[in-house]
Amino acid sequence: MIIEPRTRGFICLTSHPVGCAQNVKNQIDYVTSKGKIDGAKKVLIIGSSTGFGLASRITSAFGSDASTIGVFFDKPATPNRPGSPGFYNTAAFEEEAHKAGLYAKSINGDAFSNEIKEQVVNLIKQDLGQIDLIIYSLASPVRTHPVSGKRFKSVLKPIGENFTNKTVDFHTGKVSEISINPAEGEDIENTVTVMGGEDWKMWMDALQEANVLAEGVKTVAYSYIGPEVTKPVYRNGTIGAAKDDLEAKAFTITDALKAINGNAYVSVNKALVTQASSAIPVIPLYISLLYKIMKEEGIHEGCIEQIQRLYSQRLYTDDLSLDEKGRIRVDDWEMRDDIQSKVVKLWESATTENLSEIGDLEGYSNDFYNLFGFKVPGVDYAKDVNEMVSIPSIQE
Ligand code: NAD
């Protein structure tokens, strides 16, 4: 099958197995080039197939020779329809990990459910005994609650008042004004239920009750803060309320882990193009301006550079450099005053006509296609590929 990108808004309906595999190999090469990290050896990654979770799995495996179990929600290919990028990424990851002699098994299913938690617990008991790092990197628009069975939907809305600002359609480069109505009804509670910390706590409780957490275990969840321009729709909006809840849960979880000297952390990461972030209005325009500035300054990072730095310069050092709210910050370069003041200036002047010059729209667009395995250097897209890839550890 010859696979081409078919986009609809901020999603791409197709993905390319060879391009996805090449992305994974590039990330592995990056981590390998940075040398070994004295990190955890038995790691569970929840949300392991794309974005920051995939980068965490690769960093643990190839930076610390860790055994990894990955949990994600992805689709295998069906005849005439390619699988989802996370499926192809995981197939490629497992193949490379096994080649390197590393244990790697994966579970494809709803991480919010009791069944998947149980499956993971059983797999840890059977294969690893106990684990010493849990990365929580889920990004989902919906959650079926395991107790009530009710399905909750998250929304990306400001709280209190209408928000109007610039945004860009990154396919066309058209800058326009967008207006988003404030949250209403149960929007805030629903978003907190989906993207807040309750499920992270449920995972940690399930793992602790099953006695599969090692002494000194660490767990890390990912958060975002961002600049003034996105504040009303991000950090002060419904998703920000969910992040506040997630960040507060780090303390609750640390308390619960006292007996085994465990610690829960939140790492605030940089804004990056992922499937989750391209869905948020205003963010693509911000990212394209930010990319331009950070690339010019030589401090641009992708998911893999962020996570490799998180492990090697924060998590597995004596100095986590926590902020006043107890969070790890690898968004430190993004949030530098000089970087942010340049973003503000560019933001004011950004128009359809000048964006390709003052912003890195091309970088944004390339990163977006790369997520689905397209426009990856070295891949021959005219070549027929086998889309029916399987993940070695999963019998579908
Ligand atoms: P992503 O969309 O690339 O990855 C999400 C992962 O979650 C995938 O592996 C997906 O399969 C998995 N997933 C989703 N629903 C699931 C379910 N029900 N069951 C099992 N797995 C499921 O997202 P990302 O951008 O890497 O985000 C990960 C975390 O990082 C989020 O908490 C996000 O808020 C945070 N973060 C993102 C950014 C950014 O700019 N992208 C910045 C800072 C922090």
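Counting convention: from 1, in listed order, for ligands and their atoms alike.
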- Assess the side chains of Thr32 and Asp29: does a donor N or O sit below 3.5 Å from an acceptor N or O? no

- Message: For atom 16 (C) of ligand 1, what's the nearest protein heavy-atom neighbour? Residue, atom name and distance, please.
- Response: Phe73 CB, 3.7 Å

- Item | Phe52-ligand 1 polar pair, N/O distance under 3.5 Å | yes

- Any idea which of Leu371, Ile46, Leu138 brings a heavy atom closest to atom 22 (C) of ligand 1? Leu138

- Message: With a 4.0 Å cut-off on heavy atoms, is Gly86 in contact with ligand 1?
- Response: no

- Query: Below 3.5 angstrom, do we get any N/O pair linking Gln275 and ligand 1?
  - Reply: no

- Query: Counting both backbone and side chain atoms, is some N or O of Met195 under 3.5 Å from an N or O of ligand 1?
  - Reply: no

- Query: Under the criterion side chain to side chain contact (heavy atoms under 4.5 Å, CB included), which of Val385, Asn386, Val379 is the partner of Pro17?
  - Reply: Val385

- Return the option from Ile239, Asp110, Asn108, Asp74 holding the heavy atom at the smallest distance from atom 18 (N) of ligand 1. Asp110

- Is Gly109 near ligand 1, meaning one of its heavy atoms is under 4.0 Å from it? yes

- With a 4.0 Å cut-off, would you call Lys342 and Asp337 a salt bridge? no

- Short version for Ile116: what comes under 4.0 Å of ligand 1, heavy atoms counted, is neither

- Message: Taking 4.0 angstrom as the limit and counting only heavy atoms of Phe112, give me the atoms of ligand 1 inside it, by number and element.
- Response: 18 (N)

- Would Arg143 and Asp110 pass as an ion pair if we require N to O under 4.0 Å? no

- Task: Give yes if a backbone or side-chain nitrogen or oxygen of Asn269 is under 3.5 Å from a nitrogen or oxygen of ligand 1, and no if not.
- Result: no

- Salt-bridge criterion met for Asp127 and Lys105 (N-O under 4.0 Å): yes

- Give a yes-or-no answer on whether the side chains of Ser49 and Asn89 include a donor-acceptor pair shorter than 3.5 Å. no

- Query: Based purely on interatomic distance, does Ser223 place a nitrogen or oxygen under 3.5 Å from a nitrogen or oxygen of ligand 1?
  - Reply: no

- Message: Can you confirm, on distance only, whether ligand 1 has an N/O atom lying under 3.5 Å from any N/O atom belonging to Ala111?
- Response: yes

- Looking only at distances, please establish whether an N/O atom of ligand 1 is found under 3.5 Å from an N/O atom of Thr50. yes

- Item | Identity and distance of the protein heavy atom lying nearest atom 10 (C) of ligand 1 | Ser49 OG, 3.9 Å

- Item | Heteroatom proximity flag, Val71 to ligand 1, N/O under 3.5 Å | no

- Query: Are a donor atom and an acceptor atom from the side chains of His145 and Glu198 found within less than 3.5 Å of each other?
  - Reply: yes

- Glu177/Lys166 ion pair, N-O < 4.0 Å: no

- Task: Check Cys303 against Gly51 and note the closest heavy-atom contact, atom names and distance.
- Result: SG-C, 3.7 Å

- Would Arg143 count as a contact of ligand 1 if the rule is a heavy atom under 4.0 Å away? no

- Query: Under a 4.0 Å heavy-atom limit, does Cys303 contact ligand 1 with its side chain, its backbone, both, or neither?
  - Reply: neither

- Message: What I want to find out is whether Lys201 reaches Asp205 closely enough, with some N-O distance under 4.0 Å, to be called a salt bridge.
- Response: yes

- Message: Give me the residue, atom name and distance of the protein heavy atom closest to atom 30 (O) of ligand 1.
- Response: Tyr222 CB, 3.4 Å

- Message: Check this for me: does any side-chain nitrogen of one of Glu247 and Lys325 sit under 4.0 Å from a carboxylate oxygen of the other?
- Response: no

- Message: Out of Ala139, Gly51, Pro141, Ser113, who is nearest to atom 23 (O) of ligand 1 when you count heavy atoms only?
- Response: Ala139

- Would Lys36 and Asp65 pass as an ion pair if we require N to O under 4.0 Å? yes

- Query: Ion pair present between Asp132 and Lys41, side-chain N to carboxylate O less than 4.0 angstrom?
  - Reply: no

- Task: Can you pull out the closest protein heavy atom to atom 28 (C) of ligand 1? Residue, atom name and distance to 0.1 Å, please.
- Result: Ser137 OG, 3.1 Å

